[in-house]
Every structure is written in C-alpha cells, then in structure tokens.
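Encoded as structure tokens, here's the structure I'll be asking about.
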Amino acid sequence: MIADARPLQPEFVPGDVRHRDGEIDALTSALEPVLEGRHADPVLLHGPSGTGKTCIARYALEKLRGEVVDLDTQCVNCWEDYTRFKTLYRLLEGVDRALDVHRQSTPRDELLDRLRDATDSPYVVILDEVDQLEETDVLYDLHRTRNLSLVLIANAERELFADLEGRVTSRLTTAMRVEFARYGVSELVGILEDRARWGLQEDAVTDGQLRWIADSAAGDARVAIGTLRAAAEAGEREGLERLTDEVVHDAAPKAKAEIRQKNLEKLTDDQRALYDIIDESDGIRPDALYEVYCTRVDDPRTDRTVRNYLKKMRRYNLIEPEGRGKARQYSAVS
DNA sequence: CCTCCACTGGAAGATCGGGAAG
DNA sequence: CTTCCCGATCTTCCAGTGGAGG
C-alpha cells in the first residue's frame with residue numbers, strides 16, 4: 001500500500017509546488033537581496049491553516065540555498081518555542097552556536113549577542129506561527145540584527161498586529177505581505193494526486209476517493225494529506241491492495257483523533273483533570289469548572305493559573321468557549 | 001440606559017529547579 | 001558546601017469587558 005511514507009508527512013516539501021506560483025514569485029522576489037549577500041526586508045505570509053504557507057516558505061529557502069553559498073537558514077515553530085529564550089536558542093542552533101548554551105545561567109541576552117556575532121553571512125529565518133510568540137520584543141531585536149532576514153508566518157494578519165508591541169508594529173508596516181487563500185477542491189485533488197503518486201502503490205486510491213477527501217478537508221491541505229495518510233495506514237494494517245471507500249471515509253475522523261490524542265499527552269496532570277471535567281460535561285461555566293477541579297486534585301492551583309491552562313488547551317484546540325461575559329461556557333472539541 | 005458582577009487576561013512579584021561560580 | 005542567576009511557572013492584584021437585570 002505505502003511505497004514511501006515521506007510524501008504523506010505534513011512537513012514534506014515537494015520539489016515542485018502546485019498552485020502557488022504567484023505566492024512563490026512574491027516571496028522569492030522579496031528575498032532577492034539575499035542573493036547579493038544583503039539582508040531582505042521582513043516578509044509576512046498570512047492566511048488560514050493548511051494553505052501552504054510553511055510549505056512555500058521552506059520551498060523558497062531550499063531554492064535559495066541552492067543559489068547562495070554560505071547561506072544559513074532555520075525554521076522556528078513559535079507555537080512550540082514561544083518564549084524569547086527558546087526562539088533565540090533555536091536560531092543559534094541554526095548556525096551551530098548553541099552547543100554550550102545548555103547551561104541556564106548564561107548572562108541575560110547573551111543569546112542575542114551570540115547570535116549577532118554568529119551571523120556574518122546571510123541568515124534567513126522562518127518564524128512559523130509567529131502569532132503564538134509571547135515575547136514579541138524578540139522580533140524587534142531580530143529585525144535589528146545584521147544579515148538576518150525574517151519570513152514571518154501567521155494565520156490572521158490583523159490579530160497578529162493587535163498583539164505586537166508598538167515598536168515592532170512600526171518596523172513591520174513596511175513588510176511585504178503575501179496572502180494565502182484556501183485551496184479549491186480541484187486544487188486539493190491535484191495536491192493529493194501528487195502525494196498518492198509519490199507515496200502509494202499504483203492504483204491504491206481512486207480519483208473519486210481523492211475527491212471525497214479533498215471535499216471533506218474544506219480547503220485545508222494539511223487535513224487532506226493527513227486524511228490520505230490515515231487511510232493509507234489503515235489500508236496497510238488491513239493488508240489491502242486498494243483502498244475501499246469505507247476505509248477512506250473512516251480516515252477523516254481518525255486523522256483528527258490522532259491529533260487530539262497527541263495534544264492530550266502534552267497536558268500536565270492538572271490540565272488533564274480540567275480537560276476531563278470539561279469533556280464529561282455538556283458545557284460548563286468557569287466558576288463551576290474551578291469548583292469541581294478543586295475537589296478532583298490534591299493540591300489545586302489558583303483560578304488565575306487555571307485560566308492559563310484553559311488558554312493553553314484552547315491553543316491546542318482541545319476545548320472551545322461558547323458565549324461571552326457571564327454566559328461563557330467551555331466544552332470539549334468533539 | 002445604567003449598574004452589577006462573572007469572566008478575562010495583563011503586569012509584577014514569588015517560588016522552584018538546575019547549573020555555575022565562589 | 002553556599003550563593004547567585006537563569007528561565008519557567010505560579011500567585012497576587014487589578015483593570016477592562018460585556019451580558020443580565022433593574
């Protein structure tokens with residue numbers, strides 16, 4: 001069934017990207033100064049999830065690496081590395097200067113100084129999900145780092161700027177914006193055809209099945225590819241030569257359940273207790289939630305901390321709030 | 001329209017654990 | 001060993017928000 005698992009992985013970057021010629025052109029022309037060893041102005045890629053922002057950014061960097069000697073690149077996922085320290089540490093890793101920073105008692109902002117020392121050749125940096133960054137002042141410092149070019153990726157442009165510090169915003173107003181729209185069904189089918197051709201045995205999946213997956217993914221390529229992968233894995237387990245419609249239709253919820261399970265494993269015991277309470281309820285008000293929480297765990301945190309936990313679980317898309325103000329209720333995402 | 005109040009999340013300080021310096 | 005400093009996490013305090021109900 002599966003001939004090559006890599007094209008079915010979410011982080012796979014194809015050698016030839018479909019349906020995004022305009023966006024690629026815009027990004028590569030924005031990065032053109034790097035070809036001459038200068039640093040490029042920041043570029044902001046924005047649009048809904050699964051529209052190819054990360055893929056196109058990685059693709060453009062790959063191409064750039066082929067054309068520029070002494071080019072360093074790094075991709076930081078700010079959703080995981082959401083503090084100043086972690087972001088800078090990741091950037092130092094990209095230029096192999098993070099080796100002895102394991103010690104925590106490095107003087108304040110030694111990381112930034114070190115990064116500035118290290119970047120004597122062009123360094124192009126992707127900050128993915130930059131709207132998840134909590135200490136946005138690091139953007140200001142990076143913007144002022146010689147030889148460092150920023151490619152920022154965010155879902156919602158407006159929300160991003162609302163969260164940014166004033167001095168960061170003013171620097172980024174000149175940034176080139178590239179907007180990514182949702183894929184149409186036929187575009188998604190095209191993407192899936194490629195992945196199926198590269199990753200699956202011949203004739204493992206029909207055009208109709210790919211169309212069904214594309215349809216159910218609602219313009220999100222990540223969901224579509226994840227569904228195809230879940231279907232292929234299920235087919236492999238069952239020893240099928242060709243996917244049946246039933247396996248394909250079961251794969252969509254399975255792909256989502258896998259993501260949720262992975263996120264649940266990242267929660268602490270306290271957070272997990274909160275999730276369980278919300279999951280058992282059919283919509284619960286915050287004060288009632290906290291009350292139950294205090295009876296469930298031995299050493300309950302304060303309500304403020306619990307609110308931070310809720311924020312985190314919302315980011316993981318595990319729970320969702322309904323209503324505002326006093327009418328607020330939390331429920332688990334099904 | 002106005003007030004109340006549950007809810008929200010920013011800011012600042014305390015605490016914890018780990019590692020380095022003395 | 002103790003002391004100091006770091007990032008991460010938690011607590012304390014509090015101002016802002018917007019439904020609910022007068």
Measure all distances between protein nitrogen or oxygen atoms and nitrogen or oxygen atoms of nucleotides 10-12 of chain B, and list the pairs falling under 3.5 Å.
from    : atom 1 : to        : atom 2 : distance (Å)
dG10(B) : N7     : Arg304(A) : NH2    : 2.8
dG10(B) : O6     : Arg304(A) : NE     : 2.7

Review point. In whole Å, what is the span from the CD atom of Glu134(A) to the C1' atom of dG7(C)?
Key: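 That distance rounds to 13 Å.
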Exercise for review: Determine, stepwise, if the pair Arg211(A) / Asp207(A) fulfils salt bridge (charged side-chain N to carboxylate O under 4.0 Å, His left out).
Suggested key: CA-CA 6 Å; Arg211(A) 179 159 286 274; Asp207(A) 291 349; over 6 Å; no
Practice item. Would you mind reading off the distance between Glu135(A) atom CD and dC6(C) atom C1', rounded to a whole angstrom? Key: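 It is 13 Å, rounded to the nearest whole Å.
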Exercise for review: Rounded off to whole Å, could you give me the CZ-to-P distance for the Phe85(A) and dG19(B) pair?
Suggested key: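 After rounding, the gap between these two atoms is 12 Å.
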Practice item. Give a yes or no on whether the backbone of Arg171(A) and the side-chain of Thr174(A) come within a donor-acceptor separation of less than 3.5 Å. Key: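 It does hold such a pair.
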Review point. Is there a side-chain polar atom (N or O) of Thr305(A) under 4.0 Å from OP1 or OP2 of dT9(C)?
Key: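 Checking Thr305(A) against dT9(C): no side-chain N or O falls below 4.0 Å of OP1 or OP2.
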Check your understanding: OP1 or OP2 of dT11(C) sitting under 4.0 Å from any side-chain N/O of Thr302(A)?
Key ->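 Yes, such a contact exists.
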Check your understanding: With distance as the sole test, does Gln132(A) use its side chain to make a donor-acceptor pair with the main-chain N or O of Glu129(A) at under 3.5 Å?
Key ->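 Pair absent, no side-chain N/O of Gln132(A) close to backbone of Glu129(A).
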Practice item. In whole angstrom, give the distance that lies between atom OH of Tyr330(A) and atom P of dG9(B). Key: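 It works out to 6 Å between those atoms.
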Review point. What residues form a ring-ring contact (aromatic ring centres under 6.0 Å, His included) with Tyr82(A), not counting sequence neighbours?
Key: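 Checked Tyr82(A) against ring-ring contact (aromatic ring centres under 6.0 Å, His included); zero matches.
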**Study point:** Spacing of Gln329(A) atom CD relative to dA6(B) atom C1', expressed in whole Å
**Key:**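 Result: 13 Å.
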Practice item. Mind running a 4.0 Å heavy-atom check of residues 278-300 of chain A against DNA chain C and sending the residues that fall below it, in number order? Key: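 DNA chain C contact set from residues 278-300 of chain A: none.
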Review point. Cation over ring, Arg20(A) on Tyr183(A), under 6.0 Å and within 45°?
Key: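 Yes, a cation-pi geometry holds between Arg20(A) and Tyr183(A).
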Exercise for review: In whole angstrom, give the distance that lies between atom CG of Asp303(A) and atom P of dT9(C).
Suggested key: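 Computing the Asp303(A):CG to dT9(C):P distance gives 19 Å.
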Throw together a table of side-chain donor-acceptor distances under 3.5 angstrom for residues 55-72 of chain A, partners on residues two or more places apart or in other chains.
from     : atom 1 : to       : atom 2 : distance (Å)
Arg65(A) : NH1    : Thr73(A) : OG1    : 2.7

Review point. If only atom types and distance count, is the side chain of Gln74(A) paired as donor or acceptor with the main-chain N or O of Val95(A) below 3.5 Å?
Key: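 Checked: no pair found.
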Check your understanding: When you measure from the side chain of Tyr293(A) to the backbone N and O of Arg301(A), does any donor-acceptor pair fall under 3.5 Å?
Key ->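 Side chain of Tyr293(A) to backbone of Arg301(A): a pair is present.
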Exercise for review: Would you tell me whether Arg182(A) and Thr51(A) have side-chain atoms, one donor and one acceptor, within less than 3.5 Å of each other?
Suggested key: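 Absent: no donor and acceptor within the cut-off.
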Check your understanding: Has the side chain of Asp279(A) got a donor or acceptor atom that lies under 3.5 Å from a matching backbone atom of Ala332(A)?
Key ->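 Between the backbone of Ala332(A) and the side chain of Asp279(A) there is no qualifying donor-acceptor contact (under 3.5 Å).
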Check your understanding: For the pair made of CD in Glu110(A) and P in dG7(C), what is the distance, rounded to whole Å?
Key ->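 The answer, rounded to whole Å, is 11 Å.
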Point to revise | Donor-acceptor contact below 3.5 Å, side chain Thr145(A) vs main chain Leu148(A) | key: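 Answer holds: no.
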Point to revise | Polar side-chain atom of Thr227(A) near backbone of Ala252(A) as donor-acceptor pair, under 3.5 Å | key: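 Between the backbone of Ala252(A) and the side chain of Thr227(A) there is no qualifying donor-acceptor contact (under 3.5 Å).
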Check your understanding: Between the axis at one end of the helix from dC1(B)-dG22(C) to dG22(B)-dC1(C) and the axis at the other (five pairs apiece), what's the angle to 10 degrees?
Key ->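 End-to-end axis angle for the helix from dC1(B)-dG22(C) to dG22(B)-dC1(C): 10°, rounded to 10°.
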**Study point:** Side-chain N,O (Tyr309(A)) to OP1/OP2 (dG9(B)) below 4.0 Å
**Key:**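 No, Tyr309(A) has no side-chain N/O under 4.0 Å of OP1/OP2 on dG9(B).
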Check your understanding: Relative to the ring of Trp79(A), is the ring of Tyr316(A) parallel (under 30°), tilted (30 to 60°) or perpendicular (over 60°)?
Key ->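 Judged by the thresholds at 30° and 60°, the geometry between Tyr316(A) and Trp79(A) is tilted.
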Check your understanding: Which nucleotides of nucleotides 17-22 of chain C have their base under 4.0 Å from a protein heavy atom (B), which only their sugar-phosphate (S), and which neither (-), written as one string 5' to 3'?
Key -> --B---
Check your understanding: Nearest-Å distance, CD (Glu320(A)) to C1' (dT8(B))?
Key ->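 Spelled out: CD on Glu320(A) to C1' on dT8(B) is 18 Å.
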Point to revise | Among Asp269(A), Asp276(A), Asp270(A), the one residue meeting salt bridge (Lys or Arg N to Asp or Glu O under 4.0 Å) with Arg272(A) | key: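 Only match with Arg272(A) under salt bridge (Lys or Arg N to Asp or Glu O under 4.0 Å): Asp276(A).
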